[in-house]
Structure formats: structure tokens, C-alpha cells
Amino acid sequence: DTGVSQDPRHKITKRGQNVTFRCDPISEHNRLYWYRQTLGQGPEFLTYFQNEAQLEKSRLLSDRFSAERPKGSFSTLEIQRTEQGDSAMYLCASSLGTGSSYEQYFGPGTRLTVT
Amino acid sequence: AQKVTQAQTEISVVEKEDVTLDCVYETRDTTYYLFWYKQPPSGELVFLIRRNSFDEQNEISGRYSWNFQKSTSSFNFTITASQVVDSAVYFCALRGLGDYKLSFGAGTTVTVRA
């Protein structure tokens, strides 16, 4: 399977703990995106990488959130001091490079539950 | 700012009925891109179609068809002869030229009953 993969698929954590999610994009895609989806809503943009550079961050991405893509391949999203409001599905997507018309392909998501 | 409105929250149909999903968008960009995604119960968003703002030709792909009307800022999606496997949440999304993020609507849940 050469699609976008995410790990773990499910994460249950206690409030105040740190969590880290991983995303592996489609291999030839140099753009990578993180979105968050809460129940009954569409995905909301969090951040975007082109290669290893983080080019845009949403105001939804508070200072407890950090994302990296160190070698322009996989990416990690870390949430520090989790809160119950962080419970959501975290989706990763990737797309090809230079134009803006390329469609984004999504991974299966990581469902986070903060108790 | 981009905005996508999917006014229908849920639609329930009996198998073989046609179902049309409405999508209305707002953008100040003159060039933009519209998308439809399907999210089955497994959770993964599946890309269905991309439409460029400068191409208003409607499209048919199997049982799926899309009606893009720039004059009314609408990009509607019809499933013909629905099947149980079409049961999913369908999202309409918009991206402006030079933008990277997708702006999604709230989604329409389609339930097809046997």
C-alpha cells in the first residue's frame, strides 16, 4: 500500500500527558498537511509543510502543539499537556509540489481521546 | 477567507434512489479549486473529484455526477442509483489559487438503506 499512513490509529491519554503522532506521506509528495476533525464537523487545517519547511500554521495550533518534518519525509505532530478539548481525529494529507491544483490525499487518521 | 456551506446535515434514501448533495461556497479569489471527498465509516477521507473555477463543464463518472455553477457559487454532487456502499459522510472543500489549505464544509451524512 503506497498511500498516506498514520500511527497510531487510536490513542487514549490522560489529561496533562504529552502525545506524538506520526505521518508517512506518499513517497513522491513533497507537501504535507495536518488537519483536525471533531465530531460532526469537517476537517480544519492545522499546518502545512513543503519539504522540511513549515510554511503555514493555523491559529488553531496553540503553543502546546508542535509539528516537524525533519528530512522532508515523515512528519510528527506533538501535543503537550493535553486537554479534553484536544480530543479529535488528527488527519494527515500529502500532495505533489509546485502547483496549487494538486489534490490532497488523506491518511486514515489518529483518533485521540483525552480522559 | 474561504467558506463552504453544506446545508444538508443528513440524507436517508432507499437503495437505487438518486441523491443530490448541495454545496455552496464563498471566495474572493477569481481562480479557485473545488473538491468532493467521501468519508466512509472507516474514517479515511477519499478524494472523489477536483474542479477548477475556469472549467464549468459538468462531469460524470460512473454513478457520480457533478454540477458546477459559478453564477450561483454551487458545486452539487449527485449519486445515481444509490447503493448501500455509498453510505458515508461527503465533504465539499475549496482552495484558492496560491493557498494550500482546504476549507471544508461540515459534511452531509448519506445513509442508503437496503
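All figures in this text were calculated on a predicted structure; none of them were measured in a lab. Naming convention: chains lettered A, B, ... in sequence-line order (proteins, then strands); numbering from 1 in each chain.
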Participant: Under the side-chain contact (heavy atoms from CB on, under 4.5 Å) criterion, do B/F91 and A/Q37 qualify, and how do the steps go?
Facilitator: CA-CA 12 Å; B/F91 291 98; A/Q37 184 180 19; 3.3 Å; yes
Participant: Between atom CD of A/E103 and atom CG of B/L48, what is the distance when rounded to the nearest 0.5 Å?
Facilitator: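 One gets 11.0 Å once the value is rounded to the nearest 0.5 Å.
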Participant: Check each atom of A/R9 against the heavy atoms of chain B and say whether the ones under 4.5 Å are side chain, backbone, both or neither.
Facilitator: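 Just the side chain, heavy atoms under 4.5 Å.
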Participant: Atom CG of residue position A/L60 - does it have more than 12 heavy atoms of other residues, nucleotides or ligands inside 6.0 Å?
Facilitator: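 More than 12 within 6.0 Å, yes.
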Participant: At a 4.5 Å cut-off on heavy atoms, which part of B/Q6 comes close to chain A: side chain, backbone, both, or neither?
Facilitator: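 Neither; nothing under 4.5 Å.
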Participant: Hey, is CD on A/E68 packed in by over 12 heavy atoms from elsewhere, all under 6.0 Å?
Facilitator: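 Not buried by this count: 12 neighbours or fewer within 6.0 Å.
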Participant: Give a yes or no on whether B/L45 and B/F77 share a hydrophobic cluster (residues Ile, Leu, Val, Met, Phe, Trp, Tyr; joining criterion: side-chain heavy atoms under 4.5 Å apart).
Facilitator: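 Looking at the clustering, B/F77 is in a separate group from B/L45.
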Participant: Are A/F45 and B/L94 linked, directly or through other ILVMFWY residues, by side chains that come within less than 4.5 angstrom of each other?
Facilitator: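 No, separate clusters.
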Participant: Check the surroundings of atom NZ in A/K11: do more than 12 heavy atoms from other residues, nucleotides or ligands lie under 6.0 Å from it?
Facilitator: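 Check fails, neighbour count at 12 or below.
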Participant: Tell me, with the steps shown, if B/L102 and A/Y35 meet side-chain contact (heavy atoms from CB on, under 4.5 Å).
Facilitator: CA-CA 9 Å; B/L102 290 169; A/Y35 291 82; 3.5 Å; yes
Participant: Shorter than 4.5 Å, heavy atoms on both sides: which option in A/P43, A/G109, A/S58, A/G42 has the most such pairs with chain B?
Facilitator: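 When all of A/P43, A/G109, A/S58, A/G42 are compared, A/P43 has the most.
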Participant: Under a 4.5 Å heavy-atom cut-off, does chain B meet the side chain of A/L91, its backbone, both or neither?
Facilitator: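 Side chain only.
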Participant: Quick one, B/Y100 and A/Q104 - any side-chain contact, counting heavy atoms below 4.5 Å?
Facilitator: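 When only atoms from C-beta onward are counted, A/Q104 and B/Y100 do not touch, as no gap falls below 4.5 Å.
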Participant: Would you indicate whether B/K70, at its atom NZ, is surrounded by more than 12 heavy atoms from other residues, nucleotides or ligands within a distance under 6.0 Å?
Facilitator: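 Enclosed: over 12 neighbouring heavy atoms sit under 6.0 Å from NZ of B/K70.
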Participant: Heavy-atom cut-off 4.5 Å, strictly under: side chain, backbone, both or neither for B/S42 against chain A?
Facilitator: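 Just the backbone, heavy atoms under 4.5 Å.
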Participant: With under 30° as parallel and over 60° as perpendicular, where do the rings of A/F106 and B/Y37 fit, or are they tilted in between?
Facilitator: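 Ring orientation of A/F106 relative to B/Y37: perpendicular.
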Participant: Show your working on side-chain contact (heavy atoms from CB on, under 4.5 Å) between B/K101 and A/Y33 and close with a plain yes or no.
Facilitator: CA-CA 8 Å; B/K101 58 182 178 289; A/Y33 314 79; 5.8 Å; no
